[in-house]
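For reference, positions follow the sequence shown, starting with 1. Read the numbers this way: they start at 1 and go in the same order the structure lists the ligands and their atoms.
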Amino acid sequence: MIFMKDIIIAIDGYSSCGKSTFAKAIAEKLGYTFIDTGAMYRAVTLYALRHQLIRADGSVDEKGLTAALPSISIRLLRSAQSGGNSVFLNGEDVSEEIRLAGVSDSVSRVSELAPVREHLVAQQRAMGQRRAVVMDGRDIGTVVFPHAELKIFMTASPEVRAQRRYRELRAKGVETSLQEVESNIRQRDAIDENRAVSPLRKANDAVLLDNSCMSVEEQMAWVMKLITSTQS
Ligand code: DC
(Lines give C-alpha, C1' and ligand atoms only; values in the text may rest on other atoms or scores of the structure.)
Protein backbone atom coordinates (compact mmCIF):
# COMPACT_ATOMS: atom_id res chain seq x y z
CA MET A 1 0.00 0.00 0.00
CA ILE A 2 1.20 3.50 -0.82
CA PHE A 3 1.71 5.63 2.28
CA MET A 4 -0.48 8.70 2.21
CA LYS A 5 -0.32 11.57 4.62
CA ASP A 6 -3.74 12.45 6.03
CA ILE A 7 -5.05 15.73 4.70
CA ILE A 8 -8.12 17.95 4.93
CA ILE A 9 -10.14 18.24 1.73
CA ALA A 10 -12.49 21.24 1.63
CA ILE A 11 -15.29 21.19 -0.94
CA ASP A 12 -17.35 24.34 -1.36
CA GLY A 13 -19.69 25.56 -4.03
CA TYR A 14 -23.17 26.28 -5.21
CA SER A 15 -26.21 24.26 -4.23
CA SER A 16 -27.21 21.27 -6.37
CA CYS A 17 -23.74 20.87 -7.86
CA GLY A 18 -23.33 17.33 -6.62
CA LYS A 19 -20.94 18.39 -3.80
CA SER A 20 -22.13 15.75 -1.35
CA THR A 21 -22.04 12.91 -3.89
CA PHE A 22 -18.54 13.92 -4.89
CA ALA A 23 -17.29 14.43 -1.32
CA LYS A 24 -18.79 11.10 -0.24
CA ALA A 25 -17.11 9.25 -3.13
CA ILE A 26 -13.70 10.78 -2.28
CA ALA A 27 -14.07 9.88 1.40
CA GLU A 28 -15.04 6.33 0.46
CA LYS A 29 -12.04 5.96 -1.84
CA LEU A 30 -9.54 7.30 0.73
CA GLY A 31 -11.13 5.81 3.85
CA TYR A 32 -11.68 9.35 5.15
CA THR A 33 -14.54 10.76 7.23
CA PHE A 34 -17.16 12.62 5.21
CA ILE A 35 -18.77 15.62 6.90
CA ASP A 36 -21.83 17.28 5.40
CA THR A 37 -21.88 20.69 7.09
CA GLY A 38 -25.13 21.67 5.37
CA ALA A 39 -26.80 18.92 7.43
CA MET A 40 -25.63 20.70 10.61
CA TYR A 41 -27.26 24.01 9.53
CA ARG A 42 -30.38 22.02 8.64
CA ALA A 43 -30.46 20.36 12.10
CA VAL A 44 -30.26 23.74 13.87
CA THR A 45 -33.08 24.95 11.61
CA LEU A 46 -35.22 21.96 12.54
CA TYR A 47 -34.62 22.72 16.23
CA ALA A 48 -35.63 26.36 15.65
CA LEU A 49 -38.82 25.32 13.85
CA ARG A 50 -39.77 22.87 16.59
CA HIS A 51 -39.21 25.48 19.31
CA GLN A 52 -41.15 28.27 17.59
CA LEU A 53 -37.99 30.30 17.02
CA ILE A 54 -38.96 31.05 13.43
CA ARG A 55 -41.76 33.58 13.06
CA ALA A 56 -44.70 33.37 10.65
CA ASP A 57 -42.96 35.87 8.33
CA GLY A 58 -39.91 33.58 8.13
CA SER A 59 -37.65 35.76 10.29
CA VAL A 60 -35.64 34.06 13.04
CA ASP A 61 -35.77 34.89 16.75
CA GLU A 62 -32.00 35.41 16.87
CA LYS A 63 -31.88 36.09 20.61
CA GLY A 64 -33.91 32.99 21.42
CA LEU A 65 -31.92 30.76 19.07
CA THR A 66 -28.58 32.09 20.32
CA ALA A 67 -29.62 31.34 23.91
CA ALA A 68 -30.65 27.83 22.87
CA LEU A 69 -27.40 26.96 21.04
CA PRO A 70 -25.68 25.33 24.07
CA SER A 71 -28.61 22.92 24.37
CA ILE A 72 -28.47 21.86 20.71
CA SER A 73 -26.32 18.79 20.27
CA ILE A 74 -25.65 17.63 16.72
CA ARG A 75 -23.87 14.39 15.88
CA LEU A 76 -23.00 13.10 12.46
CA LEU A 77 -22.44 9.37 12.10
CA ARG A 78 -21.53 7.43 9.00
CA SER A 79 -24.59 5.80 7.49
CA ALA A 80 -23.67 2.23 6.49
CA GLN A 81 -26.49 2.30 3.92
CA SER A 82 -25.60 5.39 1.91
CA GLY A 83 -22.04 6.15 3.00
CA GLY A 84 -23.41 9.61 3.81
CA ASN A 85 -24.15 11.09 7.21
CA SER A 86 -26.89 10.08 9.60
CA VAL A 87 -27.76 13.22 11.53
CA PHE A 88 -28.71 13.17 15.21
CA LEU A 89 -30.30 16.15 16.94
CA ASN A 90 -30.16 15.76 20.72
CA GLY A 91 -29.97 11.99 20.23
CA GLU A 92 -32.83 11.70 17.72
CA ASP A 93 -32.19 10.57 14.15
CA VAL A 94 -33.45 13.46 12.00
CA SER A 95 -31.69 12.48 8.75
CA GLU A 96 -34.94 12.39 6.79
CA GLU A 97 -36.70 15.29 8.45
CA ILE A 98 -33.94 17.82 7.75
CA ARG A 99 -34.46 17.29 3.99
CA LEU A 100 -38.15 18.27 4.08
CA ALA A 101 -39.38 21.49 2.49
CA GLY A 102 -40.05 23.26 5.83
CA VAL A 103 -36.36 23.05 6.75
CA SER A 104 -35.14 23.82 3.20
CA ASP A 105 -37.28 26.96 3.16
CA SER A 106 -35.88 28.34 6.44
CA VAL A 107 -32.28 27.15 6.48
CA SER A 108 -30.80 30.12 4.62
CA ARG A 109 -32.29 32.53 7.21
CA VAL A 110 -30.79 30.49 10.06
CA SER A 111 -27.39 30.05 8.40
CA GLU A 112 -26.89 33.78 7.98
CA LEU A 113 -26.79 34.33 11.76
CA ALA A 114 -23.27 34.91 13.11
CA PRO A 115 -23.81 33.12 16.48
CA VAL A 116 -25.09 30.00 14.67
CA ARG A 117 -22.10 30.02 12.32
CA GLU A 118 -19.59 30.51 15.15
CA HIS A 119 -21.12 27.63 17.09
CA LEU A 120 -21.07 25.23 14.13
CA VAL A 121 -17.67 26.29 12.80
CA ALA A 122 -16.14 25.48 16.22
CA GLN A 123 -17.64 21.98 16.04
CA GLN A 124 -16.48 21.50 12.44
CA ARG A 125 -12.92 22.48 13.36
CA ALA A 126 -12.97 19.97 16.21
CA MET A 127 -14.18 17.27 13.80
CA GLY A 128 -11.25 17.96 11.48
CA GLN A 129 -8.62 18.02 14.21
CA ARG A 130 -7.34 14.55 13.38
CA ARG A 131 -7.44 15.32 9.63
CA ALA A 132 -8.40 12.60 7.10
CA VAL A 133 -11.71 14.39 6.44
CA VAL A 134 -13.62 15.51 3.38
CA MET A 135 -15.88 18.36 4.44
CA ASP A 136 -18.47 19.89 2.16
CA GLY A 137 -20.21 23.23 2.60
CA ARG A 138 -20.00 26.88 1.60
CA ASP A 139 -17.21 28.31 3.79
CA ILE A 140 -14.92 25.35 4.45
CA GLY A 141 -11.95 26.60 2.42
CA THR A 142 -12.45 30.25 3.37
CA VAL A 143 -13.38 30.11 7.08
CA VAL A 144 -13.42 26.65 8.66
CA PHE A 145 -10.12 25.33 7.29
CA PRO A 146 -8.28 28.15 5.49
CA HIS A 147 -5.15 25.95 5.64
CA ALA A 148 -6.73 22.82 4.14
CA GLU A 149 -4.24 21.00 1.90
CA LEU A 150 -6.78 20.70 -0.92
CA LYS A 151 -9.66 23.08 -1.64
CA ILE A 152 -12.13 22.54 -4.42
CA PHE A 153 -14.78 25.04 -5.47
CA MET A 154 -17.59 23.40 -7.40
CA THR A 155 -19.93 24.96 -9.86
CA ALA A 156 -22.14 24.05 -12.81
CA SER A 157 -24.44 26.20 -14.90
CA PRO A 158 -27.81 27.03 -13.25
CA GLU A 159 -29.56 25.25 -16.15
CA VAL A 160 -27.64 22.01 -15.58
CA ARG A 161 -28.14 22.18 -11.81
CA ALA A 162 -31.86 22.82 -12.28
CA GLN A 163 -32.15 19.81 -14.61
CA ARG A 164 -30.41 17.56 -12.07
CA ARG A 165 -32.50 18.82 -9.15
CA TYR A 166 -35.70 18.60 -11.17
CA ARG A 167 -34.99 14.94 -12.00
CA GLU A 168 -34.25 14.18 -8.32
CA LEU A 169 -37.48 15.83 -7.17
CA ARG A 170 -39.58 14.09 -9.82
CA ALA A 171 -38.05 10.75 -8.84
CA LYS A 172 -39.22 11.45 -5.27
CA GLY A 173 -42.71 12.19 -6.60
CA VAL A 174 -42.55 15.95 -5.93
CA GLU A 175 -44.75 17.96 -8.34
CA THR A 176 -42.81 20.95 -9.65
CA SER A 177 -41.73 22.58 -12.90
CA LEU A 178 -38.23 23.01 -14.30
CA GLN A 179 -38.74 26.79 -14.31
CA GLU A 180 -39.68 26.80 -10.64
CA VAL A 181 -36.62 24.71 -9.72
CA GLU A 182 -34.30 26.97 -11.72
CA SER A 183 -35.66 30.15 -10.17
CA ASN A 184 -35.28 28.60 -6.68
CA ILE A 185 -31.64 27.71 -7.47
CA ARG A 186 -30.87 31.25 -8.69
CA GLN A 187 -32.51 32.67 -5.56
CA ARG A 188 -30.44 30.40 -3.28
CA ASP A 189 -27.24 31.35 -5.15
CA ALA A 190 -28.00 35.02 -4.51
CA ILE A 191 -28.64 34.45 -0.79
CA ASP A 192 -25.48 32.33 -0.39
CA GLU A 193 -23.32 34.87 -2.27
CA ASN A 194 -24.70 38.02 -0.68
CA ARG A 195 -25.05 37.27 3.02
CA ALA A 196 -22.98 39.48 5.32
CA VAL A 197 -21.36 36.65 7.29
CA SER A 198 -19.21 34.09 5.43
CA PRO A 199 -20.70 34.57 1.96
CA LEU A 200 -20.07 31.86 -0.61
CA ARG A 201 -16.70 32.69 -2.19
CA LYS A 202 -14.04 30.69 -3.94
CA ALA A 203 -10.89 30.79 -1.79
CA ASN A 204 -7.93 32.20 -3.75
CA ASP A 205 -6.11 28.88 -3.53
CA ALA A 206 -9.13 26.69 -4.35
CA VAL A 207 -9.21 24.73 -7.59
CA LEU A 208 -12.31 25.38 -9.68
CA LEU A 209 -14.35 22.38 -10.81
CA ASP A 210 -17.13 23.11 -13.28
CA ASN A 211 -18.83 19.76 -13.63
CA SER A 212 -21.57 20.86 -16.07
CA CYS A 213 -20.31 18.33 -18.62
CA MET A 214 -18.50 15.80 -16.42
CA SER A 215 -19.51 12.36 -15.17
CA VAL A 216 -18.79 11.32 -11.56
CA GLU A 217 -16.06 8.98 -12.91
CA GLU A 218 -14.38 11.87 -14.74
CA GLN A 219 -14.54 14.01 -11.62
CA MET A 220 -12.98 11.23 -9.56
CA ALA A 221 -10.10 10.76 -12.02
CA TRP A 222 -9.54 14.53 -11.95
CA VAL A 223 -9.52 14.77 -8.14
CA MET A 224 -7.31 11.71 -7.56
CA LYS A 225 -4.55 13.40 -9.58
CA LEU A 226 -4.89 16.50 -7.43
CA ILE A 227 -4.80 14.46 -4.22
CA THR A 228 -1.62 12.74 -5.38
CA SER A 229 -0.06 16.16 -6.02
CA THR A 230 -0.67 17.18 -2.38
CA GLN A 231 1.49 14.24 -1.23
CA SER A 232 4.82 15.54 -2.59
O1 DC B 1 -25.69 21.95 1.35
P2 DC B 1 -27.14 22.19 1.79
O3 DC B 1 -28.05 22.65 0.69
O4 DC B 1 -27.70 21.03 2.56
O5 DC B 1 -27.04 23.41 2.83
C6 DC B 1 -28.15 23.88 3.50
C7 DC B 1 -28.02 25.36 3.76
O8 DC B 1 -26.97 25.62 4.70
C9 DC B 1 -27.77 26.25 2.55
O10 DC B 1 -28.73 27.31 2.58
C11 DC B 1 -26.41 26.84 2.75
C12 DC B 1 -26.12 26.65 4.22
N13 DC B 1 -24.74 26.26 4.51
C14 DC B 1 -23.89 27.23 4.94
O15 DC B 1 -24.29 28.40 5.04
N16 DC B 1 -22.60 26.91 5.25
C17 DC B 1 -22.17 25.64 5.14
N18 DC B 1 -20.90 25.35 5.47
C19 DC B 1 -23.04 24.64 4.68
C20 DC B 1 -24.33 24.99 4.34
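The aromatic rings of Phe22 and Trp222 are tilted relative to each other, their planes meeting at an angle between 30° and 60°.
The backbone N or O of Ala156 lies less than 3.5 Å from a partner atom in the side chain of Arg161, making a donor-acceptor pair. Using modelled atom types, no side-chain atom of Arg55 and backbone atom of Asp57 make a donor-acceptor pair closer than 3.5 Å.
For Arg75, the CZ atom sits in a loose shell: 12 or fewer heavy atoms of surrounding residues, nucleotides or ligands are nearer than 6.0 Å. Enclosure of atom CG in Asn204 is not indicated, since only 12 or fewer non-hydrogen atoms of other residues, nucleotides or ligands lie within 6.0 angstrom.
Below 4.0 Å from some heavy atom of Arg188 lie the following atoms of ligand 1, by number and element: 3 (O).
At the top of the distance list for atom 20 (C) of ligand 1, counting protein heavy atoms only, stands Gly38 CA, 3.6 Å. Atom 7 (C) of ligand 1 has its closest protein heavy atom at Val107 CG2, 3.6 Å. What sits closest to atom 12 (C) of ligand 1 on the protein, heavy atoms only, is Ser111 OG, 3.7 Å. Protein heavy atom in closest approach to atom 19 (C) of ligand 1: Thr37 OG1, 3.4 Å.
Every N/O-N/O distance between Tyr41 and ligand 1 stays at or above 3.5 Å. Ligand 1 has no N or O atom lying under 3.5 Å from any N or O atom of Lys19, backbone or side chain. On a distance-only criterion, Ser15 and ligand 1 share no N/O pair closer than 3.5 Å.
The existence of a salt bridge linking Lys151 and Asp205 is confirmed by a sub-4.0 Å separation between a basic side-chain nitrogen and an acidic carboxylate oxygen. Using a cut-off of 4.0 Å between Lys/Arg side-chain N and Asp/Glu carboxylate O, Arg138 and Asp192 are scored as salt-bridged.
At least one heavy atom of Arg195 sits under 4.0 Å from some atom of ligand 1. In this structure, Gln124 does not count as a contact residue of ligand 1, since none of its heavy atoms falls inside 4.0 Å of the ligand.
Of the candidates Ile7, Ile9, Thr33, Asp6, Asp6 is the only one forming a side chain to side chain contact (heavy atoms under 4.5 Å, CB included) with Arg131.
Nearest-residue assignment for atom 15 (O) of ligand 1 (options Arg138, Arg42, Arg99, Arg117; heavy-atom criterion): Arg117.
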